[in-house]
Amino acid sequence: MSNKPSIPKGTRDFSPTEMVRRNYIFDTIKKVYKRYGFQQIETPAMENLDTLVGTGGEESDTLIFKVLPRGETLNKFINEINSTLQSANKIGDEITLDNFNPLITNHIVKKYVEQALRYDLTVPFARYVVQNQNDITFPFRRFQIQPVWRADRPQKGRYREFYQCDADIIGSDSLLNEVDLIKIIDDVFSELFQGKLNYTVSINNRKILQGIVESVGEQDKFEQIVVAIDKLDKIGKEGVIKEICQLGVSTEKAKKIATLTVVPGVRSSIKEELPNANNIELELGLLEALGEHIGSNPNGQKGIKELEFIFEKLKALGAKNIKFDPTLARGLGYYTGTIIEVKVDNFPSICGGGRYDDLTGKFGLKDVSGVGISFGADRIYDVLLDNDLYPEFKGDSTQVLFINFGEKEQDYCLPLLFQLREAGINSEIYPEAAKMKKQMTFANNKNIKYVVLVGSDEMQSGKLTVKNMESGEQESLTIDELIVLLKG
RNA sequence: GUGGUUGUAGCUCAGUUGGUUAGAGCACUGGUUUGUGGUGCCGGGUGUCGUGGGUUCGAGUCCCAUCUUCCACCCCA
């Protein structure tokens, strides 16, 4: 009791006001997902550790929250760590858990730790698909809105517990799926931002990046090079070249990679050539230009072709805010084709996604391609709050409060109260005959619009005194008249 | 995981070069008003100064550790 209660690092409570806003975001996304034919599923917070590891690259393994074993297994786990530490100390000096070889720790952890909290929704989904493959009709469109956990250090827009809103289409390699997903992004942000906030949907294709890296013969270092390219907007072209060189690639090759991806000024020169082009035509021009630069590398050309298809369709559908960004890479290891990211100024990405050709392979189901997106609800929440974009939410809380004058009056009010509730009006009665001022203040703090006062006069006449708390005006109404007032 | 930053009343924050009994606003509560709130006036309570050590005659203030907050890096929604 003496200690102040608290919650774990990077987690948050949500107040009633915050929940109304969060639900507004979830409901908007859900509504759009359903409109595109997606069906909802949920999976457990915990997965088996081996389901989660080894899919998101080495880095993400350290960000997974692992669940300690219980009982006898916990004892064995602790004993093995202890004895390994001791035997290591016999050989070398001063070995503690801090400087302990992480490979050995990991080995022991994997031996005893069975469960972990999910790190994203895509990997559990792949597991779900494989497990339920006989009951699923492919292509399967599912959406899933649930929290995920990452043992990351919290900072702006980054939490240890946060909600992802995923939509994936699995069992089809048609690029029409990409078109749908990008249109979904367009729909969701048009609705949430109401045209009052700029956002950019950046699109690229991993095959293009592959083509570029292959053209200099450094495909062994693909993952790392791609991470370096992704930092362009942060560290600049020179920074990217430097970082690629540090991977052991020659300066010449690094420069070539950078010039192929960076394509400075291309967008503006296309604009000069085609002054009347709309945005998407501009992007198509950029794609064509990059295609010429890349040359005949088959992967690169395939990537360009795929994006051209997508952009052509989006053009016909009048999608907005779409940009081709050849430097967009995204770290996640499992992406193989289209990659998508949505950004708003001064915020980390609020939505991301891409195509993965072999996520289910790990679980024994080969040759199933999928593509998906994920909205970061918590970041969207912060963006909407920062830009003051929440609509006013009315009628969500209590609309009518009955003031409690005492036992007799209370008995008289109770049936009336339930009449209102049956009519679908959110209402309550103050549960005790407290002072008037206290009851009125309660109504005021809860933003209750109407207060009903029933004393001896009202009980005799059957007319309730209804006070509008916004205008301060009062009128005498029967319960039926009050219902008409609130419903009509 | 690396670097920096923050912590004082329920909330937002003052608090001097270390020095008596740690302050303000908001909120809460009592009265003004025994059936009328949100704007008035008068009164009231509120603290292990994040936690644990240390320096000092004396620590909210200085030092160390630890936790937490926020920010950047890494990476990501």
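To find a chain, count down the sequence lines: A is the first, B the second, and so on, and within it residues start at 1.
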Nearest-angstrom distance, [atom1] atom, [N] to [M]:
{"N": "B:G18", "M": "B:A27", "atom1": "C1'", "result": "33 Å"}
{"N": "B:A59", "M": "B:U21", "atom1": "P", "result": "11 Å"}
{"N": "B:U8", "M": "B:A72", "atom1": "P", "result": "23 Å"}
{"N": "B:U69", "M": "B:C11", "atom1": "C1'", "result": "16 Å"}
{"N": "B:U66", "M": "B:C57", "atom1": "C1'", "result": "29 Å"}
{"N": "B:C67", "M": "B:G58", "atom1": "C1'", "result": "28 Å"}
{"N": "B:U55", "M": "B:G10", "atom1": "P", "result": "32 Å"}
{"N": "B:A24", "M": "B:G31", "atom1": "P", "result": "24 Å"}

Can a cation-pi geometry be assigned to A:R22 and A:Y163, taking NZ or CZ under 6.0 Å from the six-membered ring centre and within 45° of the ring axis? yes

May I ask you to verify if any side-chain N or O of [X] is less than 4.0 angstrom from the OP1 or OP2 atom of [N]?
{"X": "A:Q155", "N": "B:C71", "result": "no"}
{"X": "A:N444", "N": "B:U36", "result": "no"}
{"X": "A:K343", "N": "B:A77", "result": "no"}
{"X": "A:K231", "N": "B:C75", "result": "yes"}

If you find the nucleotide of RNA chain B closest to A:P154 and the one closest to A:F405, which residue's nucleotide is nearer the 5' end? A:F405

Find which nucleotide of RNA chain B each of A:K437 and A:I7 is nearest to by heavy atoms, and output the residue with the more 5' nucleotide.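 Comparing both residues, the 5'-ward one is A:K437.
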
In a check of side chain to side chain contact (heavy atoms under 4.5 Å, CB included) between A:F189 and each of A:V383, A:I350, A:V344, which one passes?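 Result for side chain to side chain contact (heavy atoms under 4.5 Å, CB included) with A:F189: A:I350.
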
Among A:L464, A:I403, A:I429, whose side chain to side chain contact (heavy atoms under 4.5 Å, CB included) with A:C413 holds?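 Of A:L464, A:I403, A:I429, side chain to side chain contact (heavy atoms under 4.5 Å, CB included) with A:C413 is met by A:I429 alone.
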
On the side chain of [X], is there an atom forming a donor-acceptor pair with the base of [N] - under 3.5 Å, no angle test?
{"X": "A:Q439", "N": "B:U36", "answer": "no"}
{"X": "A:E470", "N": "B:G37", "answer": "no"}
{"X": "A:R158", "N": "B:C75", "answer": "yes"}
{"X": "A:K438", "N": "B:G37", "answer": "no"}
{"X": "A:R379", "N": "B:C76", "answer": "yes"}
{"X": "A:K9", "N": "B:U68", "answer": "no"}

Name the nucleic acid region contacted by [X], choosing base, sugar-phosphate or nothing; use a 4.0 angstrom heavy-atom cut-off, strictly under.
{"X": "A:G352", "answer": "sugar-phosphate"}
{"X": "A:D120", "answer": "nothing"}
{"X": "A:E341", "answer": "nothing"}

Using whole Å, report how far OH of A:Y334 lies from P of B:C75. 16 Å

Between B:A77 and A:F375, is there a base-stacking contact, meaning the centre of the base's six-membered ring lies under 5.5 Å from the residue's ring centre while the planes stay under 30° apart?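 So no, this residue does not stack on that base, at least one cut-off failing.
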
Note: [X]-[Y] ion pair, threshold 4.0 Å (strictly below):
{"X": "A:D186", "Y": "A:K183", "result": "yes"}
{"X": "A:E475", "Y": "A:K463", "result": "no"}
{"X": "A:D50", "Y": "A:K110", "result": "no"}

Nearest listed nucleotide, side chain of A:K435, among B:A77, B:G37, B:G30: B:G30

